[in-house]
Amino acid sequence: MVRSDILCHWGFDHSFVIRISSFVIESTGEPLRPQLMKILLASSEVHPYSKTGGLADMVGALGKALARAGHEAAMVTPLYRGIRERLPALRREDWRFDLPLGTARVRAELWSLAVEKGLTVYFVDQPDFYQRAGIYLENNVGYADNAERFIFFSKCAAHLARYLPWRPDVVHLHDWQAALVPALMQHQRRADGWGNPPATCLTIHNLAYQGTFPAAAFALTNLPREFFTIEGAEFFGQLNCLKAGIAFADAVTTVSPRYAREITTEEFGCGLDGFLRRRRDRLFGILNGVDYDEWNTTHNPFLKHPYSAARLAGKAKNKMELQQELGLPVSADTPLFGTITRLAEQKGVDIKLGALEEMLRARLQFVLLGSGSTAFERAYLSLARRFPSSVAAHIGYDESLAHRIEAGCDFYIMPSRFEPSGLNQMYSLRYGTIPIVRAVGGLDDSVIDYAQDSVRANGIKFREYSVRALAKAIRKALALYEQPGLLRRCRQNAMRMDFSWNQTVGEYLKVYEAAKTLNPGPDEPSSQTAGRVP
Ligand code: ADP
């Protein structure tokens with residue numbers, strides 16, 4: 001299934017107040033010094049090797065941060081087309097996978113890359129599955145064999161967790177594509193003599209993508225029927241890979257504290273809210289960090305003019321470079337709004353279109369970099385044709401242009417229906433580009449509105465999901481633009497926010513410790529039984 005396999009019920013309940021201690025990891029005041037650990041991360045995307053969105057950024061940065069904090073980290077991910085050609089240092093391992101996949105057996109090879117001290121990336125080489133033009137889809141159509149591709153990937157990850165001589169303490173799975181690993185590991189523990197498997201942690205990057213397939217796909221897992229129950233991988237008669245992960249992982253995290261609360265509600269729970277509520281004792285919310293080695297304004301190969309909170313002149317120059325690059329009139333004092341996004345319903349691209357139609361009567365410019373739904377691609381291209389002197393739409397994927405948009409714009413628009421963490425608003429903050437966001441998920445956790453705190457304000461927030469509310473927020477931005485002193489302070493507040501991974505990694509280490517505690521010992525009942533609510 002592609003990343004749109006489950007439709008979520010959206011909404012926003014202002015009155016929702018619930019406090020569940022697991023959602024935010026409580027600090028005891030004592031600096032916690034976790035022991036050095038060995039962690040295997042499994043993800044279908046890892047930046048800088050493959051990427052469709054924030055998942056890749058997060059996993060790539062977490063692996064690096066764990067290694068730099070002195071831990072041993074390894075990541076496993078598929079070897080997609082072009083990776084081997086780009087990485088001459090890749091080494092073929094003396095390792096053969098020959099694993100059952102339903103009634104077939106599938107073979108694969110393993111390649112590795114020693115990235116830096118304490119960090120290795122393993123690539124699963126199965127050309128039939130992974131040497132393709134896309135990661136999940138082509139021409140906006142998901143690959144028909146995505147169940148086979150990622151169930152096989154999960155089996156390879158479980159195999160490495162068991163047989164790597166290096167023996168990880170914790171296996172950290174990301175999203176549905178790796179979420180069957182805890183069930184596979186638990187089965188090997190129960191039935192196949194795996195005495196003391198590592199603890200498992202599953203991170204949900206977006207609950208709307210669950211990896212649901214017809215029940216027949218369960219046979220591909222080669223797991224016994226007892227795993228396909230309402231307390232396990234079964235979801236209204238279908239196989240649901242993410243649900244299996246939630247059921248069998250020792251700890252479950254999601255990528256912001258607010259989203260951790262939201263997903264236990266009907267509005268944001270995508271059908272799994274009840275299931276998540278029953279496991280809230282092991283559900284944690286940790287806001288994603290930012291890799292400032294890559295996302296910074298002072299040492300950035302994609303930017304012509306470096307700048308900082310104290311020296312903002314370079315930002316104005318980058319703005320004019322961007323206007324020129326995208327064919328807009330070069331004008332230092334026209335407020336420039338920008339967006340870099342998947343063109344998907346989740347990202348609020350419909351209300352953005354409506355609000356722009358209304359606001360383009362004012363003096364402003366707007367630039368978009370994005371790809372996704374054909375209907376939205378056409379709609380933004382049409383907007384650019386109708387307003388050639390104020391709108392530029394670049395359809396496609398372009399990492400370097402993404403940096404130039406973040407640096408050159410005055411405001412960044414992110415009106416998501418829901419947003420598990422969101423990275424672009426945090427990149428915007430570091431680039432001094434004021435984010436205009438809807439107060440959901442990680443957007444609410446990272447942006448401070450003037451009404452919340454006039455001294456620390458770094459952005460503009462609105463609540464209602466509507467064209468009217470977004471247009472009003474854009475009007476507030478235009479008013480802010482007219483007050484240079486206030487705008488400057490807001491920018492400086494934004495640029496001084498620190499979402500670095502040095503802090504975030506400590507939170508994951510606490511969750512890993514919790515997962516080890518929750519991981520049943522060799523003779524104890526499984527965590528699924530232990531976590532079940534009667
Ligand atoms: P999501 O993972 O839901 O797409 P995030 O904000 O968490 O959203 O992360 C999106 C990441 O993908 C950011 O690094 C963003 O810059 C990048 N991105 C999205 N679309 C494009 C694009 N068209 N070109 C370049 N980068 C993009």
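Note that these values count all heavy atoms, side chains included, but never hydrogens, waters or copies made by symmetry. Counting convention: from 1, in listed order, for ligands and their atoms alike. In this chain, residues are counted from 1 in sequence order.
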Before signing off on this row, confirm whether [X] and ligand 1 have an N or O atom pair separated by under 3.5 Å.
| X | result |
| --- | --- |
| Met414 | no |
| Asn424 | yes |
| Gly396 | yes |
| Asn206 | no |
| Glu399 | no |
| Leu55 | no |

Original post:
Taking all non-hydrogen atoms of both residues, which atom of Lys319 and which atom of Ala332 are closest, and how far apart?
Top reply: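 Smallest interatomic distance, heavy atoms only, reads NZ-O, 2.9 Å.
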**OP:** Determine the minimum heavy-atom distance between Val349 and Ala344, stating which atoms define it.
**Re:**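 Reported closest heavy-atom pair: CG2-O, 3.4 Å.
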**OP:** May I ask whether Ser421 has any heavy atom positioned less than 4.0 angstrom from an atom of ligand 1?
**Re:**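 No, Ser421 has no heavy atoms under 4.0 Å from ligand 1.
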**OP:** Check whether any heavy atom of His47 sits under 4.0 Å from an atom of ligand 1.
**Re:**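 False for this residue.
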Using a 4.0 Å heavy-atom cut-off, say whether [X] meets ligand 1 through its side chain, its backbone, both or neither.
| X | answer |
| --- | --- |
| Gln425 | neither |
| Asp57 | side chain |
| His205 | neither |

Original post:
Centre of Tyr130's six-membered ring, under 6.0 Å away, within 45 degrees of the axis: is that where NZ or CZ of Arg149 sits?
Top reply: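 Verdict for Tyr130: no cation-pi partner in Arg149.
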Original post:
Checking Lys315 against Tyr431: charged group under 6.0 Å from the ring centre and within 45 degrees of the axis?
Top reply: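 That pair does not qualify as a cation-pi contact.
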Would you mind running through ligand 1 and noting each atom that sits below 4.0 Å from a heavy atom of [X]?
| X | value |
| --- | --- |
| Gly370 | 23 (N) |
| Lys347 | 1 (P), 3 (O), 4 (O), 8 (O) |
| Thr341 | 20 (N) |

Original post:
Nearest non-hydrogen atom to atom 22 (C) of ligand 1 belongs to which of Tyr397, Trp295, Tyr427?
Top reply: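 The option holding the nearest heavy atom is Tyr397.
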**OP:** Give me the ring orientation class for Phe411 and Phe337: parallel if the planes are under 30° apart, tilted from 30 to 60°, perpendicular past 60°.
**Re:**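 Taking Phe337 first and then Phe411, their aromatic rings lie parallel (interplane angle under 30°).
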Original post:
Any idea how Tyr512 and Tyr508 line up, ring-wise: parallel (<30°), tilted (30 to 60°), or perpendicular (>60°)?
Top reply: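 The rings of Tyr512 and Tyr508 sit tilted, inter-plane angle from 30° to 60°.
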Original post:
Is it the case that more than 12 heavy atoms not belonging to Gln324 sit under 6.0 Å from its CD atom?
Top reply: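 Count not over threshold, so no.
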Original post:
Backbone N or O of Leu322 within a donor-acceptor pair of the Arg404 side chain at under 3.5 Å?
Top reply: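 Checking the backbone N and O of Leu322 against the side chain of Arg404, no donor-acceptor pair under 3.5 Å is found.
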Original post:
Do Ser416 and Leu443 touch side chain to side chain, with heavy atoms closer than 4.5 Å?
Top reply: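 Contact flag for Ser416/Leu443 side chains = yes.
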**OP:** Look at Asp444 together with Arg258 and state whether they make a salt bridge at an N to O cut-off of under 4.0 Å.
**Re:**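 Counted as a salt bridge, because a side-chain N and a carboxylate O are separated by less than 4.0 Å.
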